[in-house]
Amino acid sequence: RADLKERADDFREDAEEYLHAARTKAGDLVSEAKKRSETLITDAKRKADTLLVDAEKVLTGARQKVGTVTEEGARVKGAV
């Protein structure tokens, strides 16, 4: 009986060690996933900001071209 109790205690201790290791690993995985997701979100925000700036530049350029074409059209009408 003492031998069985000793083996049961050994199994319990092993199970506790495995459980502790599994919890630690799970915590590490969750932390790593959180860091990775934060990095992805930050990168996506930067790219979105860059796209907005680029779009604004394109719009500004298009407006300037429309203004130039309108001015030249007015000059042509005035010359005729």
Side-chain angles (χ1 to χ4, degrees):
R1 287 189 174 233
D3 186 41
L4 289 175
K5 183 179 180 332
E6 187 178 326
R7 288 189 75 204
D9 287 344
D10 288 344
F11 284 134
R12 184 181 48 80
E13 288 174 9
D14 288 347
E16 287 175 356
E17 288 176 14
Y18 289 132
L19 181 60
H20 177 71
R23 284 183 177 161
T24 301
K25 183 67 173 176
D28 292 346
L29 290 172
V30 169
S31 294
E32 184 63 32
K34 185 176 179 182
K35 288 177 188 175
R36 178 79 174 124
S37 67
E38 289 172 353
T39 300
L40 289 172
I41 289 169
T42 301
D43 290 347
K45 285 180 181 180
R46 283 187 195 140
K47 288 178 183 177
D49 289 343
T50 299
L51 287 172
L52 287 172
V53 168
D54 291 347
E56 188 62 39
K57 288 178 183 177
V58 168
L59 233 94
T60 300
R63 287 181 182 140
Q64 289 173 349
K65 287 180 182 178
V66 167
T68 301
V69 169
T70 303
E71 290 171 9
E72 289 182 15
R75 285 188 209 147
V76 169
K77 284 183 181 178
V80 173

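Source: prediction; values computed, not measured.
- Salt-bridge formation is detected for the pair D43/R46: a Lys NZ or Arg NE/NH1/NH2 atom is positioned less than 4.0 Å from an Asp or Glu carboxylate oxygen.
- Distance check: H20 NE2 to R23 CZ gives 9.5 Å after rounding to the nearest 0.5 Å.
- Atoms CG and CG, on D54 and L59 in that order, are 12.0 Å from each other to the nearest 0.5 Å.
- With rounding to the nearest 0.5 angstrom, the CG atom of D10 is 5.5 Å from the CD atom of E6.
- From D49, atom CG reaches atom NZ of K45 across 9.0 Å, with rounding to the nearest 0.5 Å.
- Every residue two or more places apart in sequence or in another chain that forms a side chain to side chain donor-acceptor pair (under 3.5 Å) with K5 is listed here: D9.
- Each of E38, R36, E32 was checked for a side chain to side chain contact (heavy atoms under 4.5 Å, CB included) with K34, and the lone residue meeting it is E38.
- The existence of a salt bridge linking E16 and R12 is confirmed by a sub-4.0 Å separation between a basic side-chain nitrogen and an acidic carboxylate oxygen.
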